[in-house]
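Here's the structure we're looking at; comments come further down.
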Amino acid sequence: GPLEEVSLPLYFGWFLLSSIQDKIKCTSMDFLKTLDTLEAFKKHLIDFSGKAEEVDLEQYFQPTGILHCTTKFCNYGKAEGAKEYAEKQAVKDFYGSIFDLSLSALFVTPRTFGARVSLTEEQLQLWPADADAEKQAESVPAAASLPLGSRAHVTLGCAENVEPVQTGVDLLEILTLQQEGQQGEQVEEMELGTLTYYGTGKWLLNLREPISAPACFSSFYG
Ligand code: 2AM
């Protein structure tokens, strides 16, 4: 019946608790502010604006609502594997539980701003197991050889007219470059960690101290 058809959510994921949301918003805004002022960043401005003109990164990225790490995009059951995921034992068992997510890096591209999430073995039980889970976003074929859970992230902001699903694609692109042995250009030791440039507007800040973020595993219907 119709009820059954709407019984699957838009997505499952970990929703960051409100106390940590504020902290992360502050930290990430501070990072954007600092990045904006770096000579190395200014040198590559063309990646962002198509011109060598200044951009205000804090304005450039629009916030995208409640901070979360999507595990499975279900699209109300229309996405491939949605039903199978919802029926997984781990999904049922852990629904409503609090986890500690480890945010290990921040990354910025001309399209998106996000935080990489490094999942534990336990948390990986909630990651879709299908081999191409990483390709849910579909446009990074090389990412198939990355470890399961590589795409895990929190979207912190998107450029105008960019959908949040792009954040995972951007992260996978950076991780693929790393895996192919691209060292990137280490441009700066910042207070938060080491900033590396991977070309074409891709910046990654490896956090010296990962941010530990308490988050509730649940789902979003919208
Ligand atoms: P995000 O996980 O990168 O933030 C609702 O659109 C949520 O589901 C967003 O959080 C979004 O991106 C995520 N999402 C949308 N489409 C997706 C897809 N095809 N694959 C994986 N996640 C998707």
Side-chain angles (χ1 to χ4, degrees), residues 6-18 20-21 24-25 27-29 31-32 60-86 88 91 95 99 101-119 123-144 146-176 201-205 211 213 215-222:
V6 294
S7 63
L8 288 175
L10 181 59
Y11 62 90
F12 285 89
W14 287 285
F15 296 81
L16 275 58
L17 302 191
S18 57
I20 195 74
Q21 300 235 5
I24 290 168
K25 281 177 188 159
T27 305
S28 57
M29 283 305 141
F31 167 59
L32 289 186
Y60 186 89
F61 293 112
Q62 324 275 313
T64 51
I66 177 172
L67 298 183
H68 67 275
C69 173
T70 305
T71 52
K72 175 70 184 171
F73 180 70
C74 293
N75 199 15
Y76 307 111
K78 291 194 284 269
E80 198 183 324
K83 191 160 176 281
E84 292 75 9
Y85 180 82
K88 267 169 77 97
V91 170
Y95 199 82
F99 288 79
L101 294 186
S102 174
L103 277 48
S104 53
L106 300 179
F107 56 94
V108 166
T109 78
R111 298 164 298 277
T112 63
F113 176 32
R116 181 181 187 192
V117 177
S118 297
L119 299 174
Q123 291 160 0
L124 277 170
Q125 293 177 45
L126 292 169
W127 199 254
D130 37 305
D132 37 40
E134 306 302 42
K135 294 193 298 170
Q136 263 187 55
E138 266 169 17
S139 34
V140 193
L146 290 170
L148 194 70
S150 295
R151 200 170 59 84
H153 66 278
V154 174
T155 298
L156 298 170
C158 287
E160 218 179 344
N161 299 322
V162 173
E163 298 290 331
V165 62
Q166 182 65 40
T167 319
V169 177
D170 286 356
L171 174 59
L172 288 178
E173 273 179 18
I174 294 174
L175 297 180
T176 303
K202 299 188 194 64
W203 299 86
L204 181 88
L205 175 76
I211 300 170
C216 180
F217 178 68
S218 181
S219 60
F220 181 85
Y221 283 82

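Every number for a ligand or one of its atoms is a count from 1 in the order of the listing. For the numbers below, each heavy atom of this structure counts, side chains included, while hydrogens, waters and symmetry mates do not.
The shortest heavy-atom distance from Glu163 to ligand 1 is not under 4.0 Å. Ligand 1 does not have Gln166 within reach: every non-hydrogen atom of the residue lies 4.0 Å or more from it. Ligand 1 has Arg151 within reach: a non-hydrogen atom of the residue lies less than 4.0 Å from it.
Counting heavy atoms under 4.0 Å from ligand 1, residue Glu80 does not touch it at all.
Note: Tyr11 and Phe220 have parallel aromatic rings, judged against thresholds of 30 and 60 degrees for the angle between ring planes. The aromatic rings of His153 and Phe107 sit perpendicular to each other, their planes meeting at more than 60°, with 30° as the lower class boundary. Using the six-membered ring where Trp is involved, Phe12 and Tyr95 have ring planes that are perpendicular, over 60° apart on the 30 and 60° scheme.
If you number the atoms of ligand 1 from 1 as listed, the ones under 4.0 Å from a heavy atom of Tyr11 come out as 5 (C), 7 (C), 8 (O). Which parts of ligand 1 touch Thr70 is read off a 4.0 Å heavy-atom cut-off, strictly below it: atoms 1 (P), 2 (O), 8 (O), 10 (O), 13 (C). Residue Thr155 has at least one heavy-atom neighbour below 4.0 Å for each of these atoms of ligand 1: 1 (P), 3 (O), 4 (O). The ligand atoms of ligand 1 that sit less than 4.0 angstrom from a heavy atom of His153 are 1 (P), 2 (O), 3 (O).
With sequence neighbours left out, Ser118 forms a side chain to side chain contact (heavy atoms under 4.5 Å, CB included) with Ser104. In this structure, Lys25 has no salt bridge (charged side-chain N to carboxylate O under 4.0 Å, His left out) partners at least two apart in sequence or on a different chain.
Although no hydrogens or angles enter the test, the distance criterion places a donor-acceptor pair under 3.5 Å between the side chain of Gln21 and the main chain of Leu16.
Compare Val154, Asp170, Val165 by their heavy atoms: the one nearest to atom 19 (N) of ligand 1 is in Val165.
No more than 12 heavy atoms of other residues, nucleotides or ligands sit less than 6.0 Å from atom CD of Glu163.
The shortest N or O to N or O distance between Pro164 and ligand 1 is below 3.5 Å.
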